Amino acid sequence: MPAVALWHCDEYTSAKLDPIVREALSLRPFSPGMRVLVKANMLAARAPEKCVATHPALVESVCRALLDLGCRPFIGDSPGIEPFPLVARVSGIAAVGEKLGVPVRELSRSTVCPPNARRVNRRLGLSADALEADAIVSLPKLKTHCQMQLTMAVKNLFGTVVGTRKAQWHYAVGLDRARFADVLIDILVSLPPVLSIVDGVWGMEGRGPGSGKPRFFGLIGASADAVALDAALAPMMGLPAENYAPLAAARARGIGDCELNGAEWRGDFDPGTRFENVDIPALDALSLMPRFMDKLGRALLASRPAQDESRCMQCGRCAAVCPAGALVLDGKKLRFDYSKCIRCYCCHEMCPFDAIVFHEGALMRVFKALGLARR
Ligand code: SF4
Ligand code: SF4
C-alpha cells in the first residue's frame, strides 16, 4: 500500500518547507548522481501570488534537498504557448535555478515513447528530457480546472507533452473527458514520477487553471503514487474521487491505488478534512451524454467560450493556441466558429487577462433546473 503524506504548511518559508520536503523525499530512495527532473507546473507567465505556477519557494526547497542528497536536479516544463524564458522569469523559478546553480530547461524535444502494453493510445510522444532523466519529482499546484475540474498530481504530467502537441491531443479527443483522462493515465504509465509533492499552501479555485482565484489551503501533500495522492485530495476539494475523470480512468485500468484502503497515512494534516465550498467548475455536457451525441451535445449542452470585450487586450494568444482553428481575432473582436469548437477551453487557459467567459448551453440550463447536472 502506498504512503500518502499530508502536512500543514501555512507559508512559503524555508523554515516551514524544508522539514516537510525532506520528509517527503524520504518516501523514496534517491542515489547520489541521479539526474532528477523537477517537473514544476509552469503553465503561464504569472507571478507567484497568482497561484498559477508551483511556488518558487517549494521548487527551491526540493532542489536544495536533492542537491544535499548528491542528486543532479534540473527544473523543467513545457508551457502552453508563452515563451519558456518569460514563464520561468515571471514565475520566479528562473531565479531559483540561478541561486542554486540548477538548470531550468524547457521540455522542448519530443520523442516517441517506447511501447507499453498498459497504454490505450499506442503512439505517444513525450519530452525526451523527461524520458532520459533517471527520476522525476513532480510538483503540481493544487488548482481547479475548467475542463477536468481539478488539476493535481496526474494532470501535472501533461506538461511533458511538448508545446503545441498538447493542443493536438485536445483536438484528437474532442469533448470526451474520459478519453482525455485515458491520455493522462497513458502519460503516467509512460513517465511515472518517483514522487509527487503537491503545492497546496495557496492553490486556486474557480476558473482554473489560469484564471481562477487564489485560495489558501495550507497543505502540502506527497506520495510515490500520483493516483493515490489525487484520490486523497479530490474529496478534500469537494469532488468525490469516483467522479474525477483521471481517477475513474485509473481505477478502470488498475493503475495506482484509487481506493486508499489500508493506505499508510503520514503527516499532521487530517485526510478527512473537507475544504468548505471550493468553487469547482461543474461538469456540463460531458457528464450527461453518450459518445454518439458528441456533435449535438456540443451545440446544446457544453458551455461556449466567448470574449469579454471589457477585459480583452487583443493579444491573440487564444487564437494562436486554439487546436481546432475555431477562433480568429478580427480587429478588436474574437470570432468563434462554434461548429468547429471542441470545448477544450485552451483559449480560456491561455488568456492572461481572464477575458474568455463561458455561456452555458441551453439544454444544460434545463438539466440544471431539473437537478440532473452533477459534480
Ligand atoms: S475556441 Fe477555445 S474552447 Fe473552442 S476549440 Fe478553440 S481553444 Fe478550444
Ligand atoms: S481573449 Fe485573452 S488571449 Fe484572447 S485576445 Fe483577448 S486578451 Fe488575448
Side-chain angles (χ1 to χ4, degrees), residues 42-47 50 52-53 78-83 86-87 90 144-149 151 155 158-159 161 163-181 183-184 204 206-213 245 281-287 289 293-364:
M42 299 171 73
L43 174 70
R46 308 284 195 283
K50 298 287 184 191
V52 171
S78 173
I81 190 167
E82 291 172 313
L86 179 71
V87 176
V90 176
T144 49
H145 193 283
C146 280
Q147 190 202 20
M148 298 305 286
Q149 298 191 283
T151 169
K155 176 72 174 61
F158 194 54
V161 176
T164 55
R165 287 173 173 83
K166 294 184 191 65
Q168 289 167 6
W169 273 117
H170 280 299
Y171 191 66
V173 302
L175 268 175
D176 195 327
R177 192 183 265 119
R179 281 183 65 199
F180 187 62
V183 174
L184 297 178
M204 180 182 283
R207 301 199 307 171
S211 303
K213 287 189 190 141
L283 284 182
D284 48 29
L286 307 169
S287 64
M289 65 184 181
M293 286 181 67
D294 188 79
K295 207 156 183 152
L296 181 64
R298 187 161 55 214
L300 297 177
L301 286 165
S303 298
R304 288 181 296 138
Q307 178 188 26
D308 179 342
E309 289 185 50
S310 67
R311 288 171 174 261
C312 179
M313 305 298 285
Q314 292 90 41
C315 70
R317 284 176 206 185
C318 52
V321 80
C322 175
L327 179 54
V328 288
L329 182 60
D330 180 4
K332 292 191 165 187
K333 288 259 186 201
L334 284 176
R335 309 257 178 230
F336 292 83
D337 181 342
Y338 292 117
S339 67
K340 288 186 183 172
C341 173
I342 58 170
R343 272 51 165 191
C344 63
Y345 307 136
C346 291
C347 47
H348 166 262
E349 192 170 322
M350 282 301 123
C351 176
F353 303 103
D354 196 15
I356 296 287
V357 293
F358 298 109
H359 293 166
E360 228 167 43
L363 262 184
M364 188 62 200

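This one's a predicted model, so the numbers in the text were calculated from it and none came from an experiment. Just follow the structure's listing: the first ligand is 1, and inside any ligand the first atom is 1.
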- For ligand 1, the portion of H348 having any non-hydrogen atom under 4.0 Å away: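 For H348, no heavy atom sits under 4.0 Å from ligand 1.
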
- Part of Q314 with heavy atoms under 4.0 Å of ligand 2, whether side chain, backbone, both or neither: backbone

- Message: Heavy-atom distances under 4.0 Å decide this one: backbone, side chain, both or neither, for L334 against ligand 2?
- Response: side chain

- Numbered atoms of ligand 2 (with element) below 4.0 Å of F353, judged on heavy atoms: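 It comes down to these atoms of ligand 2: 7 (S).
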
Protein heavy-atom partner closest to [atom] - residue, atom, separation in Å:
{"atom": "atom 5 (S) of ligand 2", "answer": "G316 N, 3.2 Å"}
{"atom": "atom 2 (Fe) of ligand 2", "answer": "C351 SG, 2.3 Å"}
{"atom": "atom 7 (S) of ligand 1", "answer": "C347 N, 3.4 Å"}
{"atom": "atom 8 (Fe) of ligand 2", "answer": "C315 SG, 2.3 Å"}
{"atom": "atom 4 (Fe) of ligand 2", "answer": "C318 SG, 2.3 Å"}

- Can you list the ligand 1 atoms lying under 4.0 Å from a non-hydrogen atom of C341? 1 (S), 3 (S), 4 (Fe), 5 (S)

- Give a yes or no on whether C312 keeps an N, O or S atom under 2.8 Å from atom 8 (Fe) of ligand 2. no

- Message: Would you call the rings of F180 and H170 parallel, tilted or perpendicular, taking 30° and 60° as the class edges?
- Response: parallel

- Query: From C322, does some N, O or S atom reach closer than 2.8 Å to atom 6 (Fe) of ligand 1?
  - Reply: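 Yes, since at least one N, O or S atom of C322 sits under 2.8 Å from atom 6 (Fe) of ligand 1.
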
